[in-house]
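These notes concern the structure reproduced below.
So that the names make sense, note that chain A is the first sequence line, chain B the second, and so on, each numbered from 1. Computed from a predicted structure; not experimentally measured.
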Amino acid sequence: MNMTAIGEGANRAILARLQSRERQFFLKLAAPAILGIMIVVFLPILWLSSLSLFDAAGDWSTANYARVFQSPLYQKTFHVTFIISISVTAFCVLLGYPLCYWLSRLSPRTSGILMVFVLVPFWTAVLVRTYAWLVLLQRNGIINQGLVASGIIDEPLQLAHNLTGSIIGMVHVMLPFLVLPLYATMRAIDGDLVRAAIGLGSSPREAFWRIFFPMSLPGLFAGVILVFVLSLGFYVTPALLGGGRVQMLAQRIESTITIYANWGAASALGVILLVMALVLIWAANRVFGLDKLFVR
Amino acid sequence: MTAEGKTAGQSLPISVRNVVKAYGPLRALDDMSIDVRAGEFMTLLGPSGSGKTTLLMALAGFVSPESGSIRFGGQEMVTVPPHKRGVGMVFQSYALFPFMSVEENVAYPLKIRRVSAADQKARVEAALELVQLGGYGGRRVHQLSGGQMQRVALARAMVFEPRIILMDEPLSALDKKLREQMQIELKALHRKLDATIVYVTHDQREALTMSDRIAVINQGRIAQLDTPEALYRRPKSLFVADFIGESVVLPVVLHDGAATLNGCKLKTTSSFGSAEGPYHLVIRPELLELSPDSSDGLMNDLSGEVREVIYQGDSALVLVRVGVDQEISLRVPASRAGSASIPDIAQRISLGLHAEDTIIVPETAL
Amino acid sequence: MAVQEMAGQKRTEGLWLAVIGSAVLFFLILPTLIVIPMSFSDAAYLEFPPKEWSLRWYREYFGSAEWMAATRTSIVAAILTTLIATPLGALAAYGLHCSSTRIRNAAQILVVMPIVVPIILIAVGVFHLYAKLGLNYTLAGVVIAHVALALPFVIITVLSGLKSYDFNQELAARSMGASRPRAMLDVTLPQVKFSVQAGAFLAFITSLDEVVVAMLISGGEYATITRRMFNALRDQIEPTVAAISTCLIAISVLALIGIQLIGRRGRGER
């Protein structure tokens, strides 16, 4: 064998060039899409956020934040936003958890068919669903008609154009965001574990609380955070079902700009909303990869 | 090594020189050099993570090393993209195109090369015939069994008559019986083809069965490159001895050019170098002799108590305690003569190891 | 006795669960069930169930020049968004799939962001950016914004398709003489075709149903249908909207069926 060494480091320069060209090839493929998202989504948000740090004269100042935190108007907005977001999240859990638990115990075929009831609204335009609730909840809508006809109430209830209507409509919009990750998590739980616990002498109820429930928590947590975050910045449903009486953060930001042209204050509100959203999303992402939610 | 009707000497030698491939701090190929002769069946054998697959992927062009040279027949290939290297490749997962028929799969390399339709048909048929799948051209991939899929992958890798064929654990997904049958077929196929084959496996038996030569690879370096017989009979390090074949390892002491085991001088023809550090005696269970005939004066005597007898069908493995706490094993063939002599548990027996069957290796490579 | 009691209790619990679960499903599907019959009502005010059936509101919708212009804008924008976002997203997914884990993870976070960042912030930001570029109230403006919003769905869908694809097939094709672009087209694309199509459906729906950004940046001649609907609903409940909503629901359901069928076919192939 003639093992003529050519020395370590032969062809190093040309190989390094080839390797970096290979890496760049893949980056170039991804670049247009990533740049597009950066320019259209991130850059404007960054710019918008930067406005909060300047006063009307264009000098550095924290006045916008001071105003946002002190003004009773904005405080009320924060208050309403949190009340609504927390209620919506709570109702979603109350409705979504039993639904997912029930679905996860059915055969995959049956629950697959029933999931259509979750997916059809999920993919129906938010505007369409909000419109439907406007119709359902109005003074002479079918819900009031039904309640009056059955003698439960004498006078039609004020269901739309207020906080109640906003919450009902938002729960409907947000519920799929809780159901999808939670259902996926519950489906992945090994039913044998629960059966084994029962076999070892636990009552079914005990097995549920000590085995099944803790294992479903990651999915529940991801769903709860997602619903809460999306609620914090939600616009369409409260704008229509709130009838102008309910002003959440998103509407306040919009009206601060379009009616009062106060970009500084709107920007400060936006930054606060953004920071809350990002922190919560970051937490959820650690527990449950969020990209999983949108692909089945 | 050439098949009838083919030009002799078409297969190419491969020469790998000083190739380095690092993944972070880990050197998958650590200044690797290896020569594969034209027409040779060379196996890269090693544990997982040893770098054998990385080397194969570097030969195919899918892994670009940091430095070094890879030549096919004298021509520098390390900077040539995979599709211009002209090597056939067979993957562990078969990598058949599921949306194409068997015929379309095998014809793909010819289609790329713009071979005329009539020629394509003839060559695809010939290739399928060669892997004993004549008439299977119209089948869909998912209608095939694992073994058939692997044959299609083989046909596809050789239909364009590459001078080098690379195989990455092609048989590891098959069951044992089929795997052994395919090993023999592959060996026969290699004789018909005019191609250099580089074959990656972690199965030492498979390597011993099929190869002209085997390169044992460990931690990105070649531990030993030799013929199967030489590797088995004369391993150069404990790693190779342990990795190839069954073995029992006992520590020996080197002193004044002689080796002693448990205080007794070993009769040996094994040559051992001058490396520092501990040495070991490697005993192959089938080379131990029961009730040895020491008339030629070259027999090492070991005696001990039988601890366990394990019946394995073709043979029995007898575990024997020698010395204070050392255990060696002895293989007794299950023939009529052999089974008569299988000892009983707790029986004291004497064993012989011929000087020519002793293997003494250093703990670390030379 | 105890076993029977337990089984009985289990049955009761199961029954309760089924009742609650069905009620929640009913809650989810109820709005869809209401809008569709309502759109076929003859009455000028909303009543349920309708006393008289007619296509009156569909005639109103299809006869209105304004609604038709908005519909055209929305459909054209959705088609253009799909045509641009699908290839860009698919290429990006391929590039990210082949990149190092570090780059892929970083990009994945970036890609999920537009879905979870409050849309009002994106809308206000884009509105201001467009004011500088003169893109407000233009079709191009709507399409560009919608492409950015649709890209994440395409990328995520195609990435997950690539994950379940045996990438050795592309290596095999290249070892047989195909250049990388050729191997991509010949071997990889046919097998991630289903996820690319699913991504395209998602891109279309994302653009068609998007309200908040369109509300700020579209208008005049190029107002989208959702923008007009939003304004119409702010003032009063127009029954025409029921007809439009029914059309939108039909498109969404068709897209959903398409995605499901594609998914089934994709799994069957493997």
Side-chain angles (χ1 to χ4, degrees), chain A residues 26-30 32-34 36-37 40-41 43-45 47-48 95 98-99 101-103 114 117-121 123-129 131-136 138 141-142 172 175 204 229-230 232-233 235-236 240 250 253-254 257 266 270 273-274 277 281 290-291 294-296, chain C residues 10 17-18 20-21 24-25 28-29 31-32 34-35 38 46 48 88-89 91-92 94-96 98-99 107-108 110 112 114 116-122 124-126 128-129 144-145 147-148 151 153 155-157 160 205 209 211-212 226 229-230 233-234 237 241 245 248-249 252-253 255-256:
Chain A
F26 295 125
L27 284 182
K28 274 180 197 156
L29 285 182
I34 301 289
I37 294 174
V40 180
V41 176
L43 220 62
I45 288 186
W47 162 84
L48 180 69
L95 298 180
L99 172 65
Y101 184 52
W102 178 51
L103 288 177
L114 290 178
F117 289 83
V118 180
L119 291 173
V120 166
W123 287 112
T124 302
V126 171
L127 200 52
V128 170
R129 292 192 270 162
Y131 165 69
W133 282 111
L134 264 176
V135 173
L136 281 165
Q138 62 185 319
I142 49 166
H172 184 259
L175 194 49
V229 167
L230 292 175
L232 281 181
Y235 181 86
V236 176
L240 292 176
I253 291 172
E254 195 255 353
I257 288 170
L273 177 57
L274 189 64
I281 286 299
L290 280 183
D291 53 335
F294 302 97
V295 183
R296 273 156 294 112
Chain C
K10 213 177 145 191
L17 208 55
I20 296 170
V24 176
L25 287 183
L28 278 167
I29 207 72
T32 320
I34 291 300
V35 168
M38 241 171 40
L46 291 154
F48 192 91
L88 283 187
L91 279 181
Y94 181 88
L96 292 178
C98 297
S99 296
Q108 250 165 357
L110 201 86
V112 178
V116 291
V117 162
I119 188 82
I120 186 74
L121 299 180
I122 300 177
V124 172
V126 170
H128 187 269
L129 178 76
I144 292 171
V147 165
L151 272 173
F153 291 104
I155 295 176
I156 291 170
T157 316
S160 90
I205 293 295
D209 292 351
V211 194
V212 181
T226 47
M229 280 169 76
F230 188 86
L233 290 179
R234 240 182 190 172
I237 301 179
V241 175
S245 292
L248 286 177
I249 291 172
S252 291
V253 168
L256 188 65

CD1 on C:Ile249 to CZ on A:Arg129, rounded to 0.5 Å: 10.0 Å
All side chain to side chain donor-acceptor pair (under 3.5 Å) counterparts of A:Tyr235, not counting sequence neighbours: A:Glu254, C:Arg234
Structural part of A:Leu48 lying under 4.5 Å from a heavy atom of chain C: side chain
Partner chain C: residue of A:Val118, A:Ile37, A:Leu43 with the largest heavy-atom pair count (under 4.5 Å): A:Ile37
Contacting region of A:Leu114 [heavy-atom separation from chain C under 4.5 Å]: both
C:Pro31 versus A:Trp133, closest heavy-atom pair with distance: CG-NE1, 3.5 Å
A:Tyr131 vs C:Leu248 side-chain heavy atoms within contact, under 4.5 Å: no
Top contributor to chain C interface from A:Gly36, A:Ala125, A:Pro98, A:Gly233 [non-hydrogen pairs under 4.5 Å]: A:Ala125
Which of C:Cys98, C:Ala148, C:Ala145, C:Gly89 touches chain A most, by non-hydrogen pairs under 4.5 Å: C:Cys98
Which portion of A:Leu134 sits near chain C, non-hydrogen atoms under 4.5 angstrom: both
Under 4.5 Å from any heavy atom of chain C - which part of A:Ile253: side chain
Sub-4.5 Å side-chain heavy-atom contact between C:Val126 and A:Val40: yes
A:Leu127 vs C:Asp209 side-chain heavy atoms within contact, under 4.5 Å: no
Atom of C:Ser245, atom of A:Val128 and distance for their closest heavy-atom approach: CB-CG1, 3.6 Å
Residue among A:Leu175, A:Leu230, A:Ile257 with most heavy-atom pairs under 4.5 Å to chain C: A:Leu175
Given C:Leu121, C:Leu129, C:Val124, the one that forms side chain to side chain contact (heavy atoms under 4.5 Å, CB included) with A:Pro44: C:Leu129
Choice from A:Leu232, A:Val229, A:Leu274 maximising heavy atom contacts with chain C below 4.5 Å: A:Leu274
Set of side chain to side chain contact (heavy atoms under 4.5 Å, CB included) partners for A:Pro32, sequence neighbours left out: C:Leu88
Shortest non-hydrogen contact from A:Leu240 toward C:Phe230: CG-CE1, 3.8 Å
Structural part of A:Val236 lying under 4.5 Å from a heavy atom of chain C: both
Check: A:Leu99 and C:Ile20 side chains under 4.5 Å, non-hydrogen atoms: no
Heavy-atom side-chain contact between A:Ile34 and C:Leu110 under 4.5 Å: yes
Side chain C:Ser99, main chain A:Phe26, donor-acceptor under 3.5 Å: no
Heavy-atom contact with chain A under 4.5 Å, split by part of C:Leu28: both
Structural part of C:Val241 lying under 4.5 Å from a heavy atom of chain A: both
Heavy-atom proximity to chain C below 4.5 Å, by part of A:Ala250: both
